[in-house]
Amino acid sequence: MVSILFKYFVSFALIFLCCFLGTSIQDALQLSVPGSIIGMLILFSLMASGLVKAEWVKLGASVFIRYMVLLFVPISVGLMNHFDLLLSNAISILASAVGGTTIVLVSLALLIDRLLKRGQK
């Protein structure tokens, strides 16, 4: 029991430490990239380099993923406060969403096609 609680503690501590570091870097350098994104990049770098093992973060990440819907409720309520602004910009929002998705799909298809052709040679 204590071992499982310690694993959860370590997992959450690593995730929050990386998020805190990312936010601190964003504040110190006045970057336009959100600190949480920088924190995720820090965590990814630590895991990719092998300094942090995936098992150390897995329990906490699973909890966040399991309750992700609840984490989006405040954002959704905040968006409803600005519904008139969303409605007035609906065409722009829809066009950028469809355009961005199309660009990603086409780029990915071309990249995969090129990689598969290179692999056949």
Side-chain angles (χ1 to χ4, degrees):
M1 176 73 172
V2 174
S3 172
I4 293 174
L5 288 175
F6 180 72
K7 288 179 182 179
Y8 273 105
F9 175 77
V10 168
S11 180
F12 283 122
L14 284 170
I15 292 170
F16 285 121
L17 178 67
C18 289
C19 187
F20 174 75
L21 288 174
T23 304
S24 299
I25 290 170
Q26 190 261 340
D27 287 340
L29 300 177
Q30 296 296 315
L31 299 173
S32 60
V33 177
S36 58
I37 302 296
I38 298 171
M40 281 195 297
L41 291 173
I42 292 170
L43 183 60
F44 174 76
S45 300
L46 289 172
M47 290 174 68
S49 68
L51 293 174
V52 172
K53 294 185 177 22
E55 295 84 33
W56 297 353
V57 182
K58 187 175 183 178
L59 289 175
S62 297
V63 171
F64 281 131
I65 290 171
R66 187 178 311 133
Y67 298 109
M68 189 180 293
V69 173
L70 294 176
L71 298 174
F72 282 110
V73 169
I75 294 170
S76 302
V77 171
L79 283 174
M80 290 302 107
N81 287 335
H82 302 288
F83 187 71
D84 55 341
L85 183 63
L86 286 173
L87 197 58
S88 64
N89 294 313
I91 294 175
S92 302
I93 294 170
L94 187 61
S96 64
V98 170
T101 302
T102 304
I103 290 170
V104 168
L105 285 175
V106 169
S107 301
L108 186 60
L110 293 173
L111 177 67
I112 289 175
D113 186 50
R114 179 176 285 170
L115 289 174
L116 289 176
K117 285 180 181 176
R118 184 182 296 166
Q120 291 175 353
K121 291 181 181 179

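Remember, predicted model here, so these are calculated numbers, not experimental data. Hydrogens, waters and symmetry mates are skipped; everything else that's a heavy atom, side chains included, is used.
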Is it true that [X] and [Y] fall in one hydrophobic cluster, defined by side-chain heavy atoms closer than 4.5 Å?
X: F16; Y: M68; result: no
X: V52; Y: F6; result: yes
X: L87; Y: I91; result: no
X: V63; Y: V73; result: no
X: F64; Y: F20; result: no

Roughly how far, to the nearest 0.5 Å, is [atom2] of [Y] from [atom1] of [X]?
X: L105; Y: L110; atom1: CG; atom2: CG; result: 11.0 Å
X: I37; Y: S32; atom1: CD1; atom2: OG; result: 11.5 Å
X: S76; Y: N81; atom1: OG; atom2: CG; result: 11.5 Å
X: L17; Y: L21; atom1: CG; atom2: CG; result: 4.5 Å
X: I112; Y: L116; atom1: CD1; atom2: CG; result: 7.0 Å
X: M47; Y: L14; atom1: CE; atom2: CG; result: 9.5 Å

Give a yes or no on this: more than 12 heavy atoms of other residues, nucleotides or ligands lie within 6.0 Å of atom [atom1] of [X].
X: F44; atom1: CZ; value: no
X: L5; atom1: CG; value: yes
X: R66; atom1: CZ; value: yes

For the residue pair [X] and [Y], what are the closest heavy atoms and their distance?
X: I15; Y: A61; result: CD1-N, 3.7 Å
X: S11; Y: G60; result: OG-N, 2.6 Å
X: Q26; Y: I38; result: CB-CD1, 3.9 Å
X: W56; Y: L51; result: CZ3-O, 3.4 Å

Side-chain donor/acceptor of S88 to backbone N/O of L85, under 3.5 Å: yes

Validation row: I42, I25 side chains within 4.5 angstrom (heavy atoms): yes

V10 vs K7 side-chain heavy atoms within contact, under 4.5 Å: no

